[in-house]
Amino acid sequence: MTNREVADLLRLIADMLEIKGEVVYKALAYRKAADNIEALGRDINEVWRQGKLREIPGVGEALEKKLDELLRTGRLGYYEELQEEIPVGVVSLLSIPDVGPKTAKLLWEKLGALSVADVERAAREGKLRQLPGLGVRSEQRILEGIESLYRRTTRIPLGVAWPVANELAQALRQELGTDTVEPVGSLRRMKDTVGDIDLLAAYEEPEQATAAFVRLPQVAEILSHGPTRASVVLYNGLQVDIRALKPERYGSLLQYFTGSKEHNVKLRTLALSKGLSLSEYGFKRGDQELLCPKEEDVYHALDLPWIPPELREDRGEIEAAQQGKLPKLIERNDIRGDLHVHTDWSDAAATLAEMAQAAQKLGYEYLVISDHSQGLGVARGLDIARLRQQRAEIDKLNEGFSGFRLLHGAEVEIRGDGTLDYPDEVLQELDVVIASVHSGLRQDREAMTTRVIRAMRNPHVDILGHPSGRLLGQREATNVDLDAVLRVAAETHTILEVNGTPNRLDLDDVHIRQAIQLGVQLAVNTDAHSVNGLEVMEYGVAMARRGWAEAHHVVNTLPLPQLLERLTLKEHSTIR
DNA sequence: GCCGTTTTCGGCCCGACTGTTTTCAGTCG
């Protein structure tokens, strides 16, 4: 079982326990363990083999026993017993907005509902309003919730939500005549996907801010609307929540609303240990209030340095802050060039000259042209003759540049057996070789892992492109064993790509962090297929930051001479 | 079910909004 599968099962059990009516803290404990297993960055099976399950935070005696049974036999007796009591169908009702464990249990016990469709039917027949604690309004609300559930297909990639959120924030800033409107929540933490958009407004009359917000022309439907918070659905189907408070509490609100929930919970616990109570309004010591106009004030009150939003996932950042060991995260301006872009030589829109010009405009010192290799026919991959023609043109262009250089690379297909799409003598001519998997994506774990590792052991392969192959919202990652890939990358000095294309963001944050811990170096690239595509660098950098990357972990922060030297490391290395 | 510079037992974060209530429970973030 994968970490994800184990985590999902623990979360399912947590839901069942809640519906059953167990003390909520029990369910909480399961969820916490699930979160930590998912964010582990190591294969849980390996942790289990080493007998180190207890070292995972949130795993105690009872969960260790259950995990051991699960990983050893693939089954869990405790879960099977629970299933006898609480059918999985009841758990599925929790996906309906405004239906929690109590309501789910009620719907099941009184109406026998075991699916969202059952609830929908009962609601249409007016049966929900007859249940204790529910009325006509609740019935209507649940029905609307089901409809929105059908509309809402999946989480939204960061690259989609980010521009929408900024446009909304800008509209509201103009409406209110203030600067203090910002996207917050998982967006501000730059998570790879977001469930909804959260906005924050600091305004003297908060109720006017929420009122102006629900009146924005983008708003299709108002879900709730109070003096300090409101929730709407846009015409594009995205849900947006806003919170508004007076500016004097701006720092507390910004901190609170940025999350994550887990990070905030830990901060509050920390506050309690110092005799303070923390909420979005600020600190309280007894009746005495301590306001935080700036976000830094919140952290300083807890004797912590300010923590960058990208780290706020309760993955050790608070402990690191306490010990003064927060990383100095890489920034967008540290990037000196893009190592992965395409041109009209293969499947992209812009010419070599256009891409070079755009890169110089961004202040880059270098740009690697890396069109597809011959095997990727659908992308008009370059055969060896055209590749050499391209080299000639790049050389010619370079004569006209000063303080900037085009490098010649290629994104070379990793074939099904792990061999590469150009022979070694051709690879050797290139400044940068990116090896990527684009075909045969359904191979089983062993075949896929062997394939990728074989490619990495080629001394000419500098970078492994989009290592997991995932396409957010469209395609799962391939079966590749990333743990093994990371180990071999460390051993062979192969650079791993952090691909900034919005629906890739690959590597993800968890594996970036693991890579760094193993001493693997990264390249943050855009994989741009147009001039505008170069702009997505900010998403790639955001992923790197979420993975605790500092500038020195990323090779394209190096000045050109050092980069070129780094790129020869593998050929000169004796370890293969 | 986890966990311990206030505890190996008794805690475990805080508040808004909604609807169905006569003072609060459920849900959400």
Side-chain angles (χ1 to χ4, degrees), chain A residues 10 13-14 16-36 53-67 78 93-107 128-142 144-145 184-187 189 194-200 206-207 210 222-231 239-245 249 252-253 255-284 302 314 322:
Chain A
L10 293 183
I13 291 173
M16 291 168 133
L17 291 171
E18 241 181 356
I19 292 169
K20 208 179 144 194
E22 287 274 0
V23 277
V24 287
Y25 297 110
K26 201 162 164 176
L28 221 90
Y30 274 86
R31 293 210 180 94
K32 191 158 213 163
D35 289 344
N36 287 328
L53 287 172
R54 282 292 282 276
E55 288 178 17
I56 302 171
V59 175
E61 197 184 335
L63 276 175
E64 181 191 30
K65 247 172 125 173
K66 292 190 172 79
L67 287 172
Y78 179 66
L93 306 186
L94 296 178
S95 65
I96 304 171
D98 295 317
V99 172
K102 308 287 184 213
T103 312
K105 190 177 187 198
L106 186 73
L107 293 169
L128 264 51
R129 67 184 71 176
Q130 298 160 15
L131 298 176
L134 297 185
V136 181
R137 304 285 296 269
S138 299
E139 187 176 85
Q140 188 56 32
R141 215 177 155 72
I142 286 174
E144 281 166 11
V184 284
S186 51
L187 255 185
R189 302 199 312 279
V194 300
D196 59 15
I197 292 172
D198 296 313
L199 287 184
L200 161 67
E207 63 282 359
T210 54
I222 301 171
L223 298 175
S224 70
H225 178 200
T228 66
R229 57 168 63 180
S231 190
Q239 183 173 329
V240 187
D241 299 335
I242 190 168
R243 288 292 302 266
L245 274 186
R249 301 179 192 270
S252 307
L253 186 57
Q255 194 290 315
Y256 166 80
F257 212 11
T258 297
S260 67
K261 197 180 165 190
E262 293 73 19
H263 176 89
N264 287 355
V265 165
K266 189 158 265 184
L267 280 192
R268 283 182 184 149
T269 312
L270 188 59
L272 282 181
S273 74
K274 295 180 188 294
L276 294 163
S277 164
L278 173 61
S279 79
E280 59 261 55
Y281 299 102
F283 290 99
K284 268 193 264 185
L302 298 171
D314 189 21
Q322 283 173 322

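Bear in mind that the values here come from a model prediction, so they are computed numbers and not experimental data. By convention in this document, chain letters (A, B, ...) are assigned in the order of the sequence lines, proteins followed by strands, and residues within each chain are numbered from 1. The analysis underlying the following values was restricted to heavy atoms, covering all of them including side chains, and did not include hydrogens, waters or symmetry mates.
Taking atom C1' in both B/dG15 and B/dG10, one finds a spacing of 24 Å when rounded to whole Å. A distance of about 25 Å separates the P atoms of B/dT21 and B/dG29, rounded to the whole Å. Taking atom C1' on both nucleotides, B/dG19 is separated from B/dC12 by 29 Å, rounded to a whole Å. Taking the C1' atom of each, B/dC9 and B/dA16 are spaced 33 Å apart, rounded to whole Å. For the C1' atoms, the distance from B/dC3 to B/dT8 is 9 Å, rounded to whole Å. Of the C1' atoms belonging to B/dT7 and B/dC2, the separation is 14 Å, rounded to the nearest Å. To the nearest whole angstrom, the two P atoms, one in B/dT22 and one in B/dC17, are 23 Å apart.
The nearest heavy atom of DNA chain B to A/Ser279 and to A/Leu223 marks one nucleotide each, and the one closer to the 5' end goes with A/Ser279.
Here B/dG1 presents its P atom at 18 Å from CG of A/Asp35, a figure rounded to the nearest Å. The NE2 atom of A/His225 sits 9 Å away from the P atom of B/dT18 (whole-angstrom rounding). If you measure from atom CG of A/Leu17 to atom P of B/dC2, you get 12 Å, rounded to the nearest angstrom. What separates NZ of A/Lys105 from P of B/dA25 is a distance of 16 Å, to the nearest Å. Between the C1' atom of B/dC14 and the NE2 atom of A/His263 lies a distance of 15 Å, rounded to the nearest Å. Atom NZ in A/Lys284 sits roughly 10 Å away from atom P in B/dC14 (whole-Å rounding). With rounding to whole Å, A/Glu262 atom CD is found 16 Å from B/dC14 atom P. Put simply, CD on A/Glu22 is 7 Å from P on B/dG1, counting in whole angstrom units.
In this structure, B/dT8 makes no Watson-Crick or G-U wobble pair, since no nucleotide meets both defining distances under 3.5 angstrom.
Rounding to the nearest 0.5 Å places CD of A/Gln255 at 8.5 Å from CG of A/Leu302. Between the CG atom of A/Leu106 and the CG atom of A/Leu131 there is a distance of 5.0 Å, given to the nearest 0.5 Å. Summarising the geometry, atom CZ belonging to A/Arg141 is positioned 13.5 Å from atom CG belonging to A/Leu128; distances are rounded to the nearest 0.5 Å.
Residues passing the side-chain contact (heavy atoms from CB on, under 4.5 Å) test with A/Ser138 are A/Leu134, sequence neighbours excluded. Residues satisfying the salt bridge (Lys or Arg N to Asp or Glu O under 4.0 Å) criterion with A/Asp35, sequence neighbours excluded, are A/Arg11. Under the rule for a side-chain contact (heavy atoms from CB on, under 4.5 Å), A/Gln130 has no partner lying at least two apart in sequence or in another chain. With sequence neighbours excluded, no residue forms a salt bridge (Lys or Arg N to Asp or Glu O under 4.0 Å) with A/Arg137. Annotation: salt bridge (Lys or Arg N to Asp or Glu O under 4.0 Å) contacts of A/Asp314 (sequence neighbours excluded): A/Lys266. Partners of A/Ser260 under the side-chain contact (heavy atoms from CB on, under 4.5 Å) rule, at least two apart in sequence or in another chain, are A/Arg189, A/Glu262, A/His263, A/Glu313. Every side-chain contact (heavy atoms from CB on, under 4.5 Å) that A/Arg31 has, sequence neighbours left out, goes to A/Ala14, A/Asp15, A/Glu18, A/Ala27. Contacts of A/Glu22 classified as salt bridge (Lys or Arg N to Asp or Glu O under 4.0 Å), with partners at least two apart in sequence or in another chain: A/Lys20, A/Lys26.
Among the atoms of the strands shown, none is found under 4.0 Å from any heavy atom of A/Leu267.
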Mind listing the N/O atom pairs, protein and nucleotides 27-29 of chain B, below 3.5 Å?
{"residue": "B/dT27", "atom": "OP1", "partner": "A/Gly100", "partner atom": "N", "Å": "2.6"}
{"residue": "B/dT27", "atom": "OP1", "partner": "A/Gly100", "partner atom": "O", "Å": "3.1"}
{"residue": "B/dT27", "atom": "OP1", "partner": "A/Thr103", "partner atom": "N", "Å": "3.0"}
{"residue": "B/dT27", "atom": "OP1", "partner": "A/Thr103", "partner atom": "OG1", "Å": "2.5"}
{"residue": "B/dT27", "atom": "OP2", "partner": "A/Lys102", "partner atom": "N", "Å": "3.3"}
{"residue": "B/dT27", "atom": "O5'", "partner": "A/Gly100", "partner atom": "N", "Å": "3.4"}
{"residue": "B/dC28", "atom": "OP1", "partner": "A/Asp98", "partner atom": "N", "Å": "2.7"}
{"residue": "B/dG29", "atom": "N2", "partner": "A/Tyr256", "partner atom": "OH", "Å": "2.9"}

Pairwise N/O distances under 3.5 Å, protein to nucleotides 3-11 of chain B:
{"residue": "B/dC3", "atom": "OP1", "partner": "A/Gly58", "partner atom": "N", "Å": "2.9"}

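For A/Pro227, counting side-chain heavy atoms from C-beta on, the closest listed nucleotide (B/dT18, B/dC17, B/dC2) is B/dC17.
Note on residues 57-67 of chain A: pairs passing salt bridge (charged side-chain N to carboxylate O under 4.0 Å, His left out), not counting sequence neighbours, are A/Arg54-A/Glu64.
Between the side chain of A/Asn264 and the backbone N or O of A/Tyr256, at least one donor-acceptor pair lies under 3.5 Å.
Distances shown here put every side-chain N or O of A/Lys66 at or beyond 4.0 Å from the OP1 or OP2 atom of B/dC2. Proximity of A/Tyr25 to the phosphate of B/dG1: no side-chain N or O atom is located under 4.0 Å from OP1 or OP2. Contact annotation: A/Ser277 side-chain N/O to B/dC14 OP1/OP2 distance is under 4.0 Å.
Base orientation at B/dT20 is anti, since its O4'-C1' glycosidic dihedral falls outside 90° of 0.
Near DNA chain B, meaning a heavy atom under 4.0 Å away, the residues from residues 129-140 of chain A are A/Gly133, A/Leu134, A/Gly135, A/Val136, A/Arg137, A/Ser138.
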